[in-house]
Each structure stands twice: as structure tokens, then as C-alpha cells.
Amino acid sequence: STPPLKTPIFMNDSGRENDRSLTTNLHVSHAPRLKRMRQLTRLLDSAISIPGTKQRFGLDPILGLIPGGGDTVSAALSGYIIVEAALMGLPRAALIRMVMNLLIDTAVGTVPVLGDVFDVFSKANVRNMQIVESHVQVPQPSAKADKLFIGLLIVGLILFVIAVGSITVLVLNSIGK
């Protein structure tokens with residue numbers, strides 16, 4: 001068996017490092033996965049600061065400005081974080097909360113202008129990383145999601161991304177006529 005690895009937990013509400021240095025036991029094989037998830041979360045939700053404020057945002061609201069696919073790309077990237085969490089062994093309840101965060105963020109994000117403003121403040125990926133990190137910090141005794149559930153989750157996320165893209169194309173086609 002591989003020994004656990006000490007790693008800092010650093011995601012806070014704004015997607016930046018916490019002031020306190022929390023550590024947790026983490027299986028060595030999860031360290032690179034967790035690092036990728038943290039980097040993507042920061043890129044999507046908190047990479048850019050608004051000067052003179054504490055507010056940060058990432059590529060998620062910027063991608064939402066691209067008609068015909070920005071929200072689809074954003075949902076796909078956010079879905080990657082959920083798939084990685086499933087592969088790390090998070091329980092079903094945690095994965096379902098993460099999917100709900102993504103569904104709400106994407107559904108509201110598709111509304112022109114209002115959705116982009118919502119994306120600046122909602123930070124679904126930061127909330128999802130907090131779920132992942134709370135599980136890593138204090139592993140829950142519940143059983144991890146089974147392979148069938150993970151497979152259905154992945155298929156569901158793919159269908160959701162395709163649906164968002166299709167609806168966007170249909171709306172753009174109807175506007176163009």
C-alpha cells in the first residue's frame with residue numbers, strides 16, 4: 001500500500017489560498033489529480049482580480065460571453081472536475097451536490113448578460129473544490145460511488161453539455177432567421 005501524502009488544503013471562497021495552513025492525509029496517487037483540479041478551478045473562477053476590490057473571477061464568465069458555445073465549453077471543463085472527484089472516490093452525495101452546483105451555474109449562465117454577471121459571483125467550481133477538499137481533509141465513512149454510478153454520472157454530464165450546446169445552436173439559428 002502506498003503511504004499517505006501530506007498536502008496543503010488551500011481553496012477558499014474566492015479560489016485563493018487560505019491564510020491557515022491545513023494539511024491532510026492524501027493518498028499519493030491523488031496528489032497530481034488534486035493539483036490539476038485546483039489549477040482548473042482557479043483558472044475558471046478566480047484567476048483575475050478586479051482592481052480596488054477583493055472580487056475575483058476567472059474564464060467562466062468570459063467564456064459565457066462567446067455566443068454559441070462558451071457556456072458549453074465552460075460546462076465541459078467544470079464537468080472534468082466532477083469526473084476527477086468521482087475517480088478519487090468521493091461518495092455519491094458529494095458528487096450529486098457537485099453536479100447540482102454545475103447544473104445551476106450552467107443553466108443561469110446561459111441567460112445573456114445576467115448569466116455572465118451571475119458567473120462572476122457564483123463560483124460553482126470553487127464550491128465544488130471545497131466539497132472535494134472537505135472530503136479529502138476528513139474522509140467520510142460512507143462508501144465511495146460505485147463504477148456504475150460513476151459511468152452514469154459521466155454519461156449524464158456529457159449529455160448535459162451536448163444539450164446546452166444544442167439549445168445554444170437552436171437559439172442562435174432562430175435569432176438569425
Side-chain angles (χ1 to χ4, degrees), residues 9-18 30 32-88 90 94-136 150-177:
I9 301 296
F10 69 88
M11 295 301 290
N12 64 15
D13 289 337
S14 65
R16 296 185 352 196
E17 292 186 23
N18 286 331
H30 293 323
R33 177 174 284 148
L34 191 56
K35 181 179 179 182
R36 284 190 307 269
M37 293 164 68
R38 287 172 175 159
Q39 289 172 334
L40 182 57
T41 295
R42 185 172 191 292
L43 180 67
L44 290 172
D45 284 354
S46 63
I48 304 163
S49 65
I50 299 174
T53 70
K54 292 184 178 183
Q55 184 63 42
R56 301 181 68 81
F57 65 96
L59 288 181
D60 188 19
I62 295 169
L63 287 170
L65 294 171
I66 301 170
D71 290 311
T72 304
V73 171
S74 182
L77 291 170
S78 297
Y80 169 81
I81 294 169
I82 296 170
V83 170
E84 288 283 26
L87 296 174
M88 286 178 65
L90 265 69
L95 294 171
I96 290 170
R97 282 196 328 255
M98 292 174 73
V99 168
M100 291 307 297
N101 287 338
L102 173 59
L103 294 176
I104 291 167
D105 183 67
T106 303
V108 176
T110 58
V111 177
V113 183
L114 175 68
D116 301 310
V117 172
F118 176 79
D119 280 342
V120 169
F121 297 101
S122 74
K123 301 192 183 321
N125 297 300
V126 169
R127 284 195 312 278
N128 284 346
M129 276 308 298
Q130 288 171 334
I131 292 169
V132 170
E133 297 204 28
S134 68
H135 174 75
V136 170
I150 293 171
L152 292 173
L153 179 76
I154 292 169
V155 168
L157 286 170
I158 291 169
L159 291 175
F160 176 71
V161 168
I162 290 170
V164 168
S166 299
I167 291 169
T168 303
V169 169
L170 290 173
V171 169
L172 289 175
N173 282 338
S174 67
I175 291 173
K177 289 183 180 181

Which pairs of donor and acceptor atoms, one on a side chain in residues 98-114, lie under 3.5 Å apart (sequence neighbours left out)?
{"residue": "Asn101", "atom": "ND2", "partner": "Asn128", "partner atom": "OD1", "Å": "2.8"}
{"residue": "Asp105", "atom": "OD1", "partner": "Ser122", "partner atom": "OG", "Å": "2.7"}
{"residue": "Thr106", "atom": "OG1", "partner": "Leu102", "partner atom": "O", "Å": "2.9"}
{"residue": "Thr110", "atom": "OG1", "partner": "Ala107", "partner atom": "O", "Å": "2.7"}

May I ask you to test the [X]-[Y] pair for a side-chain heavy-atom distance under 4.5 Å?
X      : Y      : answer
Arg38  : Glu133 : yes
Val132 : Met37  : yes
Lys123 : Thr41  : no
Ile48  : Arg56  : no
Val83  : Leu153 : no
Asp116 : Val120 : no
Val136 : Met88  : yes
Leu63  : Leu77  : yes

Working to the nearest 0.5 Å, report the span between [atom1] of [X] and [atom2] of [Y].
X      : Y      : atom1 : atom2 : result
Leu44  : Met129 : CG    : CE    : 12.0 Å
Ile81  : Leu157 : CD1   : CG    : 11.5 Å
Ile82  : Ile150 : CD1   : CD1   : 13.0 Å
His135 : Leu90  : NE2   : CG    : 4.5 Å

For Arg36, all residues meeting side chain to side chain donor-acceptor pair (under 3.5 Å), sequence neighbours excluded: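 Per chain and number, Arg36 pairs via side chain to side chain donor-acceptor pair (under 3.5 Å) with Tyr80, Glu84.
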Exam field: side chain [X] to backbone [Y], donor-acceptor pair closer than 3.5 Å:
X      : Y     : answer
Asn125 : Asp45 : no
Ser49  : Pro51 : no
Ser78  : Ser74 : yes

Indicate the atoms forming the closest heavy-atom contact of Ala94 with Ile131, along with that distance.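 In this case the closest contact between Ala94 and Ile131 is CB-CG2, 3.7 Å.
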Please report the shortest heavy-atom distance between Asp71 and Gly64, naming the atom on each side.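 Scanning both residues, the minimum pair turns out to be OD1-CA, 3.5 Å.
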Does any pair with a residue in residues 152-161 pass side chain to side chain donor-acceptor pair (under 3.5 Å), and if so which ones, sequence neighbours excluded?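 Passing the test, one end in residues 152-161: no pairs.
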